[in-house]
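The structure appears right after this line, and notes come after that.
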Amino acid sequence: MTNESELNALIRLLDDPDPEVYNHVFEKLLDIGPTAIEVLESAYETSPDAKLHNRIEALIHQIQFDSLYNDVTKWVKYNSNDLLEGVIHIAKFQYPGLNVHKIYNEIEIVKRDIWLEINNYLKPIEQVNVFNQIFYQNHNFRGVVKKKLAAEHFYINRVLESKKGNPLSLGILYLILGRELGLPIHGVNLPHHFVLCMTKGEIEFDAENIEKEIQFYINPYNKGMIFSRNDIKRFLEKLKVKATNDHYIPCNNIAIMKTMINGLIDCYKKDDNQEKVEDLEILLSVLD
């Protein structure tokens with residue numbers, strides 16, 4: 001294990017004019033990983049050297065991204081049933097120092113308030129109505145104006161802080177809470193939109209005739225409005241999109257995460273932030 005004095009000695013070599021030395025030191029610090037970040041940040045703050053600043057920034061970014069890549073890879077392989085963990089990983093893409101404990105606490109507060117009012121004796125539509133009252137009225141979650149959509153509206157921590165989200169991020173939060181409460185709610189991917197459905201019980205995503213298990217659909221972007229399959233059909237006709245079975249049936253967490261990353265890629269492309277686009281495309285390849 002590398003101690004702080006050894007780390008500082010390596011960091012001092014980051015501004016070496018010899019590219020071979022620099023590359024060797026960069027790779028060495030990269031191998032040390034996240035434990036080097038605190039010392040790197042300290043060196044950044046105490047050095048006036050602009051060149052060193054740039055190199056430390058690049059190194060910290062690469063260490064954080066490599067760590068995130070490994071976390072997403074493990075999530076896909078071992079824990080993709082936990083959507084909240086997945087979206088927290090994506091939030092760390094923009095906010096590496098994210099307070100994960102705070103996110104779990106804030107979600108637990110909303111979950112508890114819904115749980116106090118909802119019960120298994122209510123009909124499914126009645127359960128959703130109670131959920132909507134607590135989520136949208138009591139906690140004031142709402143959709144952001146579409147023309148103001150930005151990358152920040154995808155990140156779970158920002159949604160919880162601002163109480164505002166786009167169709168996907170609001171839907172994900174609604175879905176996470178619903179599943180935590182034992183409700184058979186699932187995501188449904190639509191073109192330029194994301195909705196939810198409530199099924200009769202637990203489902204297998206690759207089951208035949210899965211559409212027969214769907215009781216109704218929920219629009220999380222429109223205060224949890226309940227709607228039908230025919231409404232989706234009309235929506236697709238308005239967009240002049242040929243309907244397929246995938247437009248009506250639940251999708252799994254991997255598909256939801258792909259939609260989120262693709263949405264972020266679109267946002268960063270509009271902002272001409274090619275570095276973030278390339279990093280997100282790497283994360284997207286993990287999901288594939």
Side-chain angles (χ1 to χ4, degrees), residues 75-76 79-87 90 111 114 118-136 141 143 146 154 165-263 266 284 287-288:
W75 179 82
V76 170
N79 209 26
S80 62
N81 63 315
D82 188 339
L83 182 58
L84 178 54
E85 180 185 322
V87 296
I90 300 305
K111 173 190 166 184
I114 299 172
I118 208 167
N119 62 67
N120 294 328
Y121 298 106
L122 295 173
K123 295 178 181 179
I125 287 180
E126 293 172 333
Q127 290 178 322
V128 170
N129 287 336
V130 170
F131 188 114
N132 291 343
Q133 171 66 36
I134 307 300
F135 188 74
Y136 296 104
F141 284 101
K146 286 189 177 181
F154 282 92
N166 58 37
L168 180 62
S169 59
L170 270 185
I172 286 172
L173 180 56
Y174 195 117
L175 175 56
I176 288 168
L177 287 163
R179 301 299 293 175
E180 285 280 323
L181 291 160
L183 301 177
I185 293 176
H186 309 278
V188 179
N189 266 324
L190 293 175
H192 313 298
H193 204 35
F194 182 78
V195 297
L196 306 169
C197 68
M198 180 171 272
T199 57
K200 295 173 184 176
E202 293 304 317
I203 59 167
E204 295 291 334
F205 287 98
D206 58 353
E208 292 184 12
N209 300 320
I210 191 174
E211 63 272 14
K212 292 182 179 179
E213 296 298 313
I214 297 171
Q215 301 188 76
F216 52 81
Y217 296 89
I218 304 164
N219 187 347
Y221 190 67
N222 189 15
K223 298 183 178 180
M225 182 186 73
I226 293 170
F227 63 101
S228 69
R229 181 186 177 95
N230 283 335
D231 293 312
I232 291 181
K233 182 180 178 181
R234 285 191 288 270
F235 172 75
L236 295 172
E237 288 172 351
K238 187 176 179 181
L239 291 179
K240 297 181 179 179
V241 172
K242 185 178 180 180
T244 68
N245 197 46
D246 287 343
H247 291 134
Y248 298 102
I249 63 174
C251 60
N252 62 27
N253 291 342
I254 298 289
I256 293 171
M257 289 278 282
K258 285 182 180 179
T259 301
M260 172 174 275
I261 293 177
N262 277 315
D266 288 341
L284 189 61
L287 299 176
D288 288 333

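Just so you know, these numbers come straight off a predicted model, no measurement behind them.
Residues Cys197 and Phe216 have side chains not in contact (no heavy-atom distance under 4.5 Å, counting atoms from C-beta outward). The shortest distance between side-chain heavy atoms of Pro250 and Ile214 falls below 4.5 Å. Annotation: side chain of Asn245 is in contact with side chain of Glu211 (closest heavy-atom distance under 4.5 Å). In this structure, Phe235 and Leu239 have side chains that are in contact, with non-hydrogen atoms separated by less than 4.5 Å.
Aromatic rings of Tyr217 and Phe227 (six-membered ring for Trp) have centroids within the 6.0 Å cut-off, being under it.
With rounding to the nearest 0.5 angstrom, the CD1 atom of Ile226 is 15.0 Å from the NZ atom of Lys223. The line from CD of Glu213 to CD1 of Ile203 is 8.0 Å long, rounded to the nearest 0.5 Å. Within the model, atoms CD of Glu126 and OH of Tyr121 stand 14.0 Å from one another, a figure rounded to the nearest 0.5 Å.
Side chain of Asn252 to main chain of Ala255: a donor-acceptor pair is present (N/O by atom type, distance under 3.5 Å, no hydrogens or angles). Side-chain N or O atoms of Asn119 include one that pairs as donor or acceptor with a backbone N or O of Leu122 at under 3.5 Å. Of the possible donor and acceptor atoms, one in the side chain of Asn262 sits under 3.5 Å from a partner among the backbone N and O of Lys258. Without hydrogens or angle criteria, Asn222 side chain to Met225 main chain gives no donor-acceptor distance under 3.5 Å. Side-chain atoms of Asn253 come within 3.5 Å of backbone N or O of Asn81 as a donor-acceptor pair. Here the side chain of Asp82 pairs a donor or acceptor atom with the backbone of Glu85 at under 3.5 angstrom.
Among all heavy-atom pairs drawn from Cys251 and Ile256, the shortest one is SG-CG1, 3.7 Å. The two atoms that bring Trp75 and Leu83 nearest to each other are CZ2-CA, 4.5 Å, heavy atoms only. When every heavy atom of Tyr248 is checked against every heavy atom of Ile232, the shortest pair comes out as CE2-CG2, 3.6 Å. Listed here is the closest heavy atom pair of Ile90 and Met257: CG1-CE, 3.6 Å. When all heavy atoms of Lys242 and His247 are compared, the closest pair comes out as O-CE1, 3.5 Å. Considering every non-hydrogen atom in both Met260 and Phe154, the closest pair reads CE-O, 3.2 Å.
Checked against side chain to side chain donor-acceptor pair (under 3.5 Å), Asn120 has no partners two or more places apart in sequence or in another chain.
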N/O donor to acceptor pairs below 3.5 angstrom from side-chain atoms of residues 173-191, sequence neighbours left out:
| unit_1 | atom_1 | unit_2 | atom_2 | d |
| --- | --- | --- | --- | --- |
| Tyr174 | OH | Asn132 | OD1 | 2.7 |
| Arg179 | NH1 | Leu183 | O | 3.3 |
| Arg179 | NH2 | Glu202 | OE1 | 2.8 |
| Glu180 | OE1 | Lys111 | NZ | 3.2 |
| His186 | NE2 | Thr199 | OG1 | 3.3 |
| Asn189 | OD1 | Thr259 | OG1 | 3.1 |
| Asn189 | ND2 | Thr259 | OG1 | 3.0 |

> So Ile254 and Val76, side-chain contact (heavy atoms from CB on, under 4.5 Å) or not? Walk me through it.
Replying inline: CA-CA 7 Å; Ile254 298 289; Val76 170; 4.2 Å; yes

>> Does Phe141 form a ring-ring contact (aromatic ring centres under 6.0 Å, His included) with Tyr136? I'd like the steps, not just the answer.
In response: CA-CA 5 Å; Phe141 284 101; Tyr136 296 104; 7.9 Å; no

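A perpendicular orientation is assigned to the rings of Tyr221 and His193, their planes being inclined by more than 60° (bins at 30° and 60°).
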